[in-house]
Amino acid sequence: MRDIDDQEWKGYVAKCTSGEWPVPPSFVSDKNNWVCRAIVGRVLYFIKDVEGAMTVLSTIVNDVEPNMEDHPEQGMCEAEHFVLCLRDISEIIWKLTQNGDAAVPYLDRAFAVCRAFPYRFHTEARGDIWYRRLNVLAESGKLSQAVAEAEEMVADEKQESHTPKPIIPDPLYEKVNPYIFYSLRFLAEQKHKEGKTAEACSLFAEAYDYFPLSAAGRRDVNKAKETKDAEEQYKAWIFCTTYQYLPWEKQPIVSLRD
């Protein structure tokens, strides 16, 4: 990791605070605040300044440990910022090198933070980090390992869920588990690639038992289940994956008195 001098930092901030998707300067001005650097690094990656993103993000993933007791009611916590930095570093490495052995350790570290953090994530689906890891393993020639780990995750999570419980009890969230959902989704997609579409659809149907569904979500899931043709049903399940019907983690209900 190399230091970022003030002039270079100002250039990065200027890129983030201008253009089509400008970030408020107050979010990204303090070079000494690692959360500001995290935002700058991720924005740089979003606007395709990969070299700048890697330079900034590397100042975080090697030198920072997030405060695991930081859990604001609004906005992202330190754990979320850190996980997203690790995810983006992994993505950059994977796209540049196609080297799973180099990319996966960052996802492993991100996943460990997801598992250890006991409070709500406001933005990131914890299971999505796991899902990305499975796909990188599969795409780097370790498909059998990825399948075995996905199956093991499903079995372990069904025995005892590690997912943080909703702060406000809600029947819609009683079975929600992103680790099971994303593992089953991965397994379904692999079955479809093998030409076993009916098995893929069955796995998707099970996966959506663990997904937070609104009324619209239940409508789409039921439509998929009722579709007779296997290939058409699979397309219906893929359509469902394009929507996040409810937040992954239940938000607290604030009363007027609060």
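- Atom-to-atom distance recorded for L143:CG and L137:CG is 9.5 Å, nearest 0.5 angstrom.
- Rounding to the nearest 0.5 Å places CZ of R37 at 12.5 Å from OG1 of T55.
- Counting only heavy atoms from C-beta outward, the side chains of W34 and T59 never approach each other to under 4.5 Å.
- Taking every heavy atom of both residues into account, V64 and R109 meet most closely at O-NH2, 3.6 Å.
- Each salt bridge (Lys or Arg N to Asp or Glu O under 4.0 Å) pair with one or both residues in residues 205-220, not counting sequence neighbours, appears once here: K158-E206.
- Residue Y245 places its OH atom among more than 12 non-hydrogen atoms of other residues, nucleotides or ligands, all under 6.0 Å distant.
- Look at E157 and R115 and you find a salt bridge, because one of the NZ, NE, NH1 or NH2 atoms lies within 4.0 Å of a carboxylate O, short of that distance.
- In this structure, the side chain to side chain contact (heavy atoms under 4.5 Å, CB included) partners of A207, at least two apart in sequence or on a different chain, are F181, L184.
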ask   = When you look at V28 and V43, which way does the side-chain contact (heavy atoms from CB on, under 4.5 Å) test go after all the steps?
value = CA-CA 10 Å; V28 294; V43 171; 5.7 Å; no

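- Counting heavy atoms from C-beta outward, V13 and P25 have side chains that stay 4.5 Å or more apart.
- With sequence neighbours excluded, the residues forming a side chain to side chain donor-acceptor pair (under 3.5 Å) with T123 are E80, listed by chain and number.
- Hydrophobic clustering, with ILVMFWY side chains joined whenever heavy atoms are under 4.5 angstrom apart, groups I60 together with V113.
- Hydrophobic cluster membership differs between V23 and M76, with clusters built from Ile, Leu, Val, Met, Phe, Trp and Tyr side chains linked at under 4.5 angstrom.
- Of the inter-residue distances, the one linking I89 atom CD1 with S58 atom OG reads 6.0 Å to the nearest 0.5 angstrom.
- Following chains of ILVMFWY side-chain contacts shorter than 4.5 Å, one can reach M153 starting from V83, so the two form part of one hydrophobic cluster.
- With rounding to the nearest 0.5 Å, the separation of CD in E91 from CG in L107 is 7.0 Å.
- The CH2 atom of W9 sits 8.5 Å away from the OG atom of S29 when rounded to the nearest 0.5 Å.
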CA sep, side-chain torsions, deciding dist, call: R132, S90, side-chain contact (heavy atoms from CB on, under 4.5 Å) = CA-CA 10 Å; R132 185 62 192 135; S90 176; 5.9 Å; no

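- The ring pair (Phe, Tyr, Trp, His ring centres under 6.0 Å) analysis of residues 73-113, with sequence neighbours excluded, yields the pairs F111-W130, F111-Y179.
- Across all non-hydrogen atoms, the minimal contact from H122 to G75 is CD2-O, 3.1 Å.
- For K196, the side chain to side chain contact (heavy atoms under 4.5 Å, CB included) criterion is met by K191, E194, E199, not counting sequence neighbours.
- Ring planes of F46 and W21: perpendicular class, angle over 60° (limits at 30 and 60°).
- No donor-acceptor pair under 3.5 Å is formed between the side chain of S183 and the backbone N or O of I180.
- Listed by chain and residue number, R185, F204, Y208, I238 satisfy the side chain to side chain contact (heavy atoms under 4.5 Å, CB included) test with T241 (two or more places apart in sequence, or in another chain).
- Side-chain atoms of D70 do not come within 3.5 Å of backbone N or O of P66 as any donor-acceptor pair.
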query = Is there a side-chain hydrogen bond (donor to acceptor under 3.5 Å, both in side chains) between Y119 and E69 once you walk through the steps?
reply = CA-CA 8 Å; Y119 307 105; E69 290 302 319; 2.6 Å; yes

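- Between atom CD1 of residue I129 and atom CZ of residue R133 there is a gap of 12.0 Å, rounded to the nearest 0.5 Å.
- Between H71 and P118, the closest side-chain pair of non-hydrogen atoms is not below 4.5 Å.
- Between P72 and C77 there is a side-chain heavy-atom pair separated by less than 4.5 Å.
- Taking hydrophobic clusters as Ile, Leu, Val, Met, Phe, Trp and Tyr residues chained together by side-chain heavy-atom distances below 4.5 Å, M54 does not share a cluster with L84.
- Nearest heavy atoms, D49 versus Y12: OD2-CE2, 4.3 Å.
- With sequence neighbours left out, the side chain to side chain donor-acceptor pair (under 3.5 Å) criterion links T197 to E231.
- For the salt bridge (Lys or Arg N to Asp or Glu O under 4.0 Å) test, residues two or more places apart in sequence or in another chain that qualify with K235 are E232.
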request  = Please report the C-alpha distance between V147 and F186 in whole Å, then the side-chain angles of each, then the deciding distance to 0.1 Å, and finally whether the side-chain contact (heavy atoms from CB on, under 4.5 Å) criterion is met.
outcome  = CA-CA 8 Å; V147 167; F186 172 80; 4.1 Å; yes

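- For Q145, the side chain to side chain donor-acceptor pair (under 3.5 Å) criterion is met by E149, not counting sequence neighbours.
- Of all heavy-atom pairs spanning T17 and P22, the tightest one is O-CB, 3.4 Å.
- Annotation: F117 is in aromatic contact with F121 [ring centroid separation under 6.0 Å].
- Contact between Q233 and T227 at its shortest, heavy atoms only, is NE2-O, 2.9 Å.
- Counting only heavy atoms from C-beta outward, the side chains of F27 and C36 never approach each other to under 4.5 Å.
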query = Do S140 and N99 pass the side-chain contact (heavy atoms from CB on, under 4.5 Å) test, and can you show the C-alpha distance, the side-chain angles, and the key distance before you say yes or no?
reply = CA-CA 7 Å; S140 60; N99 184 335; over 6 Å; no

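- At least one donor-acceptor pair closer than 3.5 Å links the side chain of K31 to the backbone N or O of I4.
- E20 is linked by a salt bridge (Lys or Arg N to Asp or Glu O under 4.0 Å) to nothing, counting only residues two or more places apart in sequence or in another chain.
- Counting heavy atoms from C-beta on, the side chains of L213 and L246 never come closer than 4.5 Å.
- Residues meeting the ring-ring contact (aromatic ring centres under 6.0 Å, His included) test with F239, sequence neighbours left out: Y243.
- Both L86 and I39 are part of a single hydrophobic cluster, where members link through side-chain heavy atoms under 4.5 Å apart.
- Partners of D101 according to the side chain to side chain donor-acceptor pair (under 3.5 Å) rule, which considers only residues two or more places apart in sequence or in another chain, are K142.
- Side-chain N or O atoms of R120 include none that pairs as donor or acceptor with a backbone N or O of E249 at under 3.5 Å.
- Considering every non-hydrogen atom in both I93 and A102, the closest pair reads CG2-CB, 3.7 Å.
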